[in-house]
Amino acid sequence: MPTPPAATVTVTVLDAATWSARAAAHAEHADRLTAGHRARRSRHERHAIEDFLFEYYPASPAQLRRWHPGAGIALAAGADGPAPHAGWKWYATADDGTVGLDVEAFLAARGEAVRFIAGLLAATASRPAATSCFGLHEWAMVYRERPDEHRHPLPLRLGSAGTDAVVEAHRIRCTHIDAFRFFTPEAVGRNTVTPTRATQTAMEQPGCLHANMDVYKWALKLGPLVPGDLLLDCFTLAREIRTTDMRASPYDVTSYGLDPIAIETPDGKAAYVRRQREFAARSTTLRHRLLAVIGATERPPTG
C-alpha cells in the first residue's frame, strides 16, 4: 500500500461570529440551488434532468447544505460551546476549544483515493479539449433500443428510426468510461475508442461534458477537505452541464420548457461546441482549485 500523503497545514482560526455567518450563507445558497428538487420530491414528482444530480452523484440536499471550512481552518468556540463540527466525522477539538479538520486522520484513511483524484484532475486539466463528439454519447445510449427500454421517461425527439439514423451518420468518439458503459450493445462497436476504468486517467479530457460534471463527484469524494463554496461551485457547473447534455440528447425536453440543441444540424453542432468550450474552461478552473486544496495538505519533499 502506498504511504498516504502527510499533512502540514497552516491553521487560521475563525471566530464564532464569522464561521456562523459563513455556515448560514452556505446553507441558504445550497437551499436555493436545490429548491426545485426538494419541492418535486415532496410531491413525489420525477425530473429526468435534475434527478440525475442526486441519484448518480452521492449527495443529498441536506449534505450539500452542510458547510465545511476546509483544511487549515479552525473554528473558535462560541457562547454555546464548540462548533457543531466537533461531532462530525474527521473533525477534532483542540485543547483551546477550537474545532478543525483532522487532516492527518483523513489522509491516513483516504490517501490512496486522494492521490488518484489528484492524478486524474491534473491529467485532465493538462490536455486540450476535444470538441468533435457533439454529445453523441447520449444518442449511443438509445441506439436500436426499444422505447420501453429508454433510461428516461421522455419521448425521442426524432423517433427511434430518426435517432438511429443520426448515430449511423456520425463518427462517435466517446472518451469517458462512465458514459461509454451505458452504450447499447449495438452502439459499442461504433465508438472509435474503447475507454476502460484502467485507461480513465490517460483518456479523460476537458471537452467531455460528463468528465466536467464529474468534477462535482471528485469534490464530493474529497469530502471535508473541500471548502463549502468550492463544492457549491462544482455542483452549479454540474447542473448547467446536465441541462446542456439533455438538451443535446435525443430526448424531447420541451416539456421542461427547454429548447433542443439539434446536434444533427450545423447550427446545433456549433451551439454545442460553444457550450463545450465554455464548460471546458470553467471545469479546468475548478480542477485547479481542487488540486490547490489537495496540494495544501501535502508535505513538500525534503533533501
Side-chain angles (χ1 to χ4, degrees), residues 32-57 59 61 131-170 172 174 176 178-184 187 190 207-217 234-280 282-283:
R32 289 194 299 272
L33 291 171
T34 62
H37 174 75
R38 289 183 290 110
R40 287 189 298 271
R41 187 177 60 182
S42 71
R43 299 189 298 264
H44 305 286
E45 293 178 4
R46 301 286 298 167
H47 194 289
I49 298 176
E50 289 202 5
D51 287 353
F52 176 86
L53 297 169
F54 301 96
E55 295 172 353
Y56 181 76
Y57 296 113
T131 58
S132 59
C133 69
F134 306 121
L136 284 161
H137 56 278
E138 292 290 343
W139 299 69
M141 293 178 193
V142 297
Y143 179 62
R144 294 189 179 178
E145 193 174 54
R146 297 199 316 265
D148 60 347
E149 294 177 330
H150 295 339
R151 296 175 65 216
H152 302 297
L154 293 171
L156 296 179
R157 180 168 55 83
L158 303 178
S160 294
T163 299
D164 293 347
V166 170
V167 172
E168 291 164 1
H170 288 79
I172 303 177
C174 177
H176 187 64
D178 287 315
F180 179 67
R181 67 189 178 95
F182 290 107
F183 280 24
T184 63
R190 291 184 168 275
C208 172
L209 265 61
H210 277 258
N212 294 338
M213 277 192 285
D214 276 0
V215 173
Y216 171 55
K217 175 172 74 174
C234 293
F235 175 82
T236 297
L237 181 60
R239 188 172 67 167
E240 290 182 38
I241 293 173
R242 173 62 178 167
T243 300
T244 294
D245 196 41
M246 287 296 286
R247 286 180 62 203
S249 79
Y251 294 103
D252 184 345
V253 294
T254 56
S255 60
Y256 293 121
L258 298 171
D259 293 327
I261 298 174
I263 56 91
E264 72 276 12
T265 69
D267 286 348
K269 285 181 170 65
Y272 186 86
V273 170
R274 284 195 296 271
R275 297 294 283 158
Q276 207 174 10
R277 288 173 176 160
E278 176 195 341
F279 292 144
R282 291 170 62 189
S283 67

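Along the sequence shown, the residues carry numbers beginning at 1. The figures that follow rest on heavy atoms only: side chains count, while hydrogens, waters and symmetry mates do not.
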Inset, instruction - Supply the atom-to-atom distance M141 CE to F180 CZ, rounded to the nearest 0.5 angstrom. - result: 11.0 Å
Legend entry - 4.5 Å side-chain heavy-atom contact, H37 and P61: yes
Inset, instruction - Assess whether side-chain contact (heavy atoms from CB on, under 4.5 Å) is satisfied between F52 and M213, documenting all intermediate values. - result: CA-CA 11 Å; F52 176 86; M213 277 192 285; 4.0 Å; yes
Inset, instruction - State, without any angle test, whether D267 and T265 hold a side-chain donor-acceptor pair at a distance under 3.5 Å. - result: no
Legend entry - 4.5 Å side-chain heavy-atom contact, H210 and D245: yes
Legend entry - Side-chain heavy-atom pair R157, E264 within 4.5 angstrom cut-off: yes
Legend entry - D214 versus Y57, side-chain donor and acceptor atoms under 3.5 Å: yes
Legend entry - F183 and H137, any side-chain heavy atoms less than 4.5 Å apart: yes
Legend entry - Distance, nearest 0.5 Å, that separates CD of E278 from OG1 of T244: 8.0 Å
Legend entry - Heavy-atom closest contact (R239 atom, L33 atom, distance): NH1-O, 2.8 Å
Legend entry - Heavy-atom side-chain proximity of Y272 to L209 below 4.5 angstrom: yes
Legend entry - Point-to-point distance, once rounded to the nearest 0.5 Å, from CZ of R247 to CD1 of I261: 4.0 Å
Inset, instruction - To the nearest 0.5 Å, tell me how far L154 CG sits from R46 CZ. - result: 11.5 Å
Inset, instruction - Specify the closest pair of heavy atoms between R282 and L237, including all atoms of both residues, with the distance to one decimal. - result: CZ-CD1, 3.5 Å
Inset, instruction - Evaluate the side-chain proximity of H170 to K269: yes if any heavy-atom separation is below 4.5 Å, no if none is. - result: yes
Inset, instruction - Output, in order, the C-alpha distance, side-chain angles, deciding distance and verdict of side-chain contact (heavy atoms from CB on, under 4.5 Å) for V166 and F134. - result: CA-CA 11 Å; V166 170; F134 306 121; over 6 Å; no
Legend entry - Main-chain N/O of E45 paired with R40 side-chain donor or acceptor, under 3.5 Å: no
Legend entry - V167 side chain near V142 side chain, heavy-atom distance below 4.5 Å: no
Legend entry - Pairing of E50 and R41 as salt bridge, 4.0 angstrom limit: no
Legend entry - Within-4.5 Å side-chain heavy-atom neighbours: Y256 and M246: no
Legend entry - Inter-residue atom distance K217.NZ - C234.SG, 0.5 Å rounding: 13.0 Å
Inset, instruction - Could you tell me which non-hydrogen atom of Y216 sits nearest to which non-hydrogen atom of A238, and how far apart they are? - result: CB-CB, 3.9 Å
Inset, instruction - For residues Q276 and C133, report the shortest heavy-atom separation together with the two atoms involved. - result: NE2-SG, 3.4 Å
Legend entry - Residue pair A248 / I263: nearest heavy atoms and the distance that separates them: O-CG1, 3.7 Å
Inset, instruction - Identify the heavy atoms of T131 and V273 that sit nearest to each other, and give their distance. - result: O-CG2, 3.4 Å
Legend entry - From R32 atom CZ to T236 atom OG1, the distance as rounded to the nearest 0.5 Å: 10.0 Å
